[in-house]
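Take a look at the structure below.
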Amino acid sequence: MFRTVLGNGLRVLVLANPAVDIVSARFFIRSGSRHETQPGLVHLIASVLSKGTQRRDSMAIAHAVESLGAMLGADGSPDYFQLSIKSLGEDFPALLALAAELLNEATFPAEQIEIERKVTLQAIRSQQERPFTVAYNQFRRALYGEHPYAFAELGTEESVQAIERQQLLAFYRTHFRPDNAIFVCVGPVEPEAVVEQLEAVLAGWKAPAVPLPTPPASAVLIPAQQTVQTVQPTQQSMVLVGYPAVAVGEADFAALKLIGTYLGNGLSSRLFTELREKRGLAYEVSAFFPTRVDRSHFVTYIGTAPENTRTCEQSLRFEAKRLTQIDLSEEELQIAKNKFLGQYALGKQTNSQVSQLWGWYEAIGVGADFDRTYTEAIARLRPEDLRAAAERTFTEPLVSLVGPAEVPALI
């Protein structure tokens with residue numbers, strides 16, 4: 001892997017892969033919705049970024065991309081923002097020039113903001129009909145309080161309605177700067193040629209004299225051991241039982257990822273076999289542990305019939321608590337590792353997947369080499385490591401319920 005830093009501060013990673021004639025590249029901005037003060041701001045920026053520059057309107061940008069048969073997209077997440085491009089090798093310089101234009105000259109046209117605002121509001125209303133989304137948003141609000149990790153990615157109807165164009169421009173001008181960005185490129189390219197192309201198309205992209213924005217304050221998690229609840233006239237209940245958990249790179253990170261695989265990944269996972277296959281309680285059941293720069297959370301959840309709500313809540317608590325008391329057998333541990341490592345390897349087969357993974361790790365501060373050290377850490381885990389991580393994590397459950405009737409929680 002070739003690595004360098006341009007004179008404007010842009011960090012550059014290039015991996016030459018001549019196997020296929022497709023170049024995939026991404027610009028990562030090390031600021032995401034964690035840095036926003038208005039819920040939904042970063043999502044709206046991602047929606048409007050490609051809708052106008054000082055040189056082209058939205059149709060001209062769309063035509064430029066489609067005439068190349070290429071792909072260009074923008075996306076915001078809690079810890080970073082990314083602008084991604086993909087094309088045949090011969091078209092890559094033209095597409096890279098367009099991406100540079102968006103990074104440096106986006107205009108956020110007012111009429112395009114209004115169009116994307118309406119689309120976002122429709123999406124928010126649609127999400128409100130999904131019990132899992134309602135329960136997860138409720139869970140994060142209860143856990144994170146005023147920290148932006150509590151925000152729904154799309155924002156709320158009220159917050160999105162209130163976003164002004166000047167707020168989009170202010171975030172763009174503050175955070176979209178080369179010394180806050182990473183460029184990752186994978187494909188049939190020569191690293192030195194990529195650097196030359198970058199220096200040519202980004203000649204006007206300079207880091208301002210003002211310091212980088214101060215990182216957001218660390219998440220101060222609200223003490224758990226509580227239940228939050230929303231009543232909805234649905235045919236099923238959604239039960240989330242979650243716990244405060246570590247940030248990326250902390251000591252228990254790998255162990256909790258493997259526990260997530262063991263509990264909730266696939267038809268052979270513990271929750272699926274115990275609660276759906278053996279007891280017939282679940283419409284859907286799983287577990288997940290998001291990767292976050294700041295304090296994260298570990299969640300188990302189940303969709304069930306309303307009359308099973310309390311049984312399911314108790315069962316989710318039991319399965320987490322069980323891991324604090326009983327070690328996985330060597331066979332269970334090895335199956336979980338095989339599943340995790342196999343799926344991880346399958347998730348980086350293409351140039352796009354590799355550029356996404358490396359850029360993500362660079363953006364969240366653990367570095368592209370985390371791709372190797374992370375899997376090595378998973379492979380080294382012992383049964384007692386998982387039990388110790390479970391003991392430190394599964395202590396104070398926060399329960400989020402959504403369903404057709406008020407069902408008293410166990411707490």
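What you see below is based on every heavy atom in this structure, not just the backbone, and it leaves out hydrogens, waters and symmetry mates.
In this structure His297 satisfies the ring-ring contact (aromatic ring centres under 6.0 Å, His included) test together with Tyr136, Phe139, Tyr144, sequence neighbours excluded.
A salt bridge is absent between Glu362 and Arg26: the closest approach of a Lys/Arg side-chain nitrogen to an acidic carboxylate oxygen does not fall below 4.0 angstrom. Using a cut-off of 4.0 Å between Lys/Arg side-chain N and Asp/Glu carboxylate O, Glu114 and Lys118 are scored as not salt-bridged.
With rounding to the nearest 0.5 angstrom, the CZ atom of Phe183 is 5.0 Å from the CG atom of Leu96. Of the inter-residue distances, the one linking Leu401 atom CG with Arg310 atom CZ reads 11.0 Å to the nearest 0.5 angstrom. Atom CG of residue Leu323 and atom CG of residue Leu256 lie 10.5 Å apart, to the nearest 0.5 angstrom. Expressed to the nearest 0.5 Å, how far NZ of Lys257 lies from OG1 of Thr291 amounts to 3.0 Å.
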- Query: Checking ring pair (Phe, Tyr, Trp, His ring centres under 6.0 Å) for the pair Phe298/Tyr243: CA distance, chi angles, key distance, verdict?
  - Reply: CA-CA 5 Å; Phe298 190 103; Tyr243 306 82; 7.2 Å; no

- side chain to side chain contact (heavy atoms under 4.5 Å, CB included) between Leu258 and Leu333, intermediate numbers included: CA-CA 9 Å; Leu258 194 59; Leu333 181 68; 3.8 Å; yes

- Item | side chain to side chain donor-acceptor pair (under 3.5 Å) between Asn265 and Gln343, worked out | CA-CA 10 Å; Asn265 187 338; Gln343 293 178 349; 2.7 Å; yes

- For the pair Ser268 and Lys339, evaluate side chain to side chain donor-acceptor pair (under 3.5 Å) and give the outcome as yes or no after the intermediate values. CA-CA 10 Å; Ser268 64; Lys339 184 190 296 185; 3.0 Å; yes

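Crowding of Gln353 atom CD: a count of heavy atoms from other residues, nucleotides or ligands under 6.0 Å exceeding 12. Around the CD atom of Glu250, the shell of radius 6.0 Å holds more than 12 heavy atoms that belong to other residues, nucleotides or ligands. Within a 6.0 Å sphere centred on NZ of Lys321, heavy atoms belonging to other residues, nucleotides or ligands number 12 at most. When the shell of 6.0 Å around CD of Glu164 is examined, it contains 12 or fewer heavy atoms from other residues, nucleotides or ligands. For Glu331, the CD atom counts as loosely surrounded, since its 6.0 Å shell holds 12 or fewer non-hydrogen atoms of other residues, nucleotides or ligands.
At least one side-chain heavy atom of Val134 sits under 4.5 Å from a side-chain heavy atom of Gln232. Looking only at side-chain heavy atoms (C-beta outward), Ser87 and Leu68 stay at 4.5 Å or farther from each other. Between Ile259 and Phe394, the closest side-chain pair of non-hydrogen atoms falls below 4.5 Å. Counting heavy atoms from C-beta on, the side chains of Glu277 and Phe272 come closer than 4.5 Å. Gln82 is listed as a side-chain neighbour of Gln356, based on a closest heavy-atom distance under 4.5 Å. Annotation: side chain of Glu313 is not in contact with side chain of Leu316 (no heavy-atom distance under 4.5 Å). When side chains are defined from C-beta on, Gln54 counts as touching Thr107, because their heavy atoms get closer than 4.5 Å. Between Leu263 and Ser269 there is no side-chain heavy-atom pair separated by less than 4.5 Å.
For the 3.5 Å distance criterion, the side chains of Arg279 and Thr311 fail to qualify, holding no donor opposite an acceptor. Of the N and O atoms on the side chains of Asn180 and Ser31, at least one donor lies less than 3.5 Å from an acceptor on the other residue.
A donor-acceptor pair is defined here as one N or O able to donate and one able to accept, closer than 3.5 Å; no such pair exists between the side chain of Arg34 and the backbone of Pro148.
Listed by first then second residue, pairs satisfying ring-ring contact (aromatic ring centres under 6.0 Å, His included) with a partner in residues 45-74 number zero, not counting sequence neighbours.
In this pair, Tyr301 and Phe132 present their aromatic rings tilted. The plane angle is within the 30 to 60° band. By the 30° and 60° cut-offs, the orientation of the rings of Phe253 relative to Phe370 is tilted.
For Phe340 and Tyr262, the distance between ring centers is not under 6.0 angstrom. The aromatic ring centres of Phe27 and Phe176 sit 6.0 Å or more apart.
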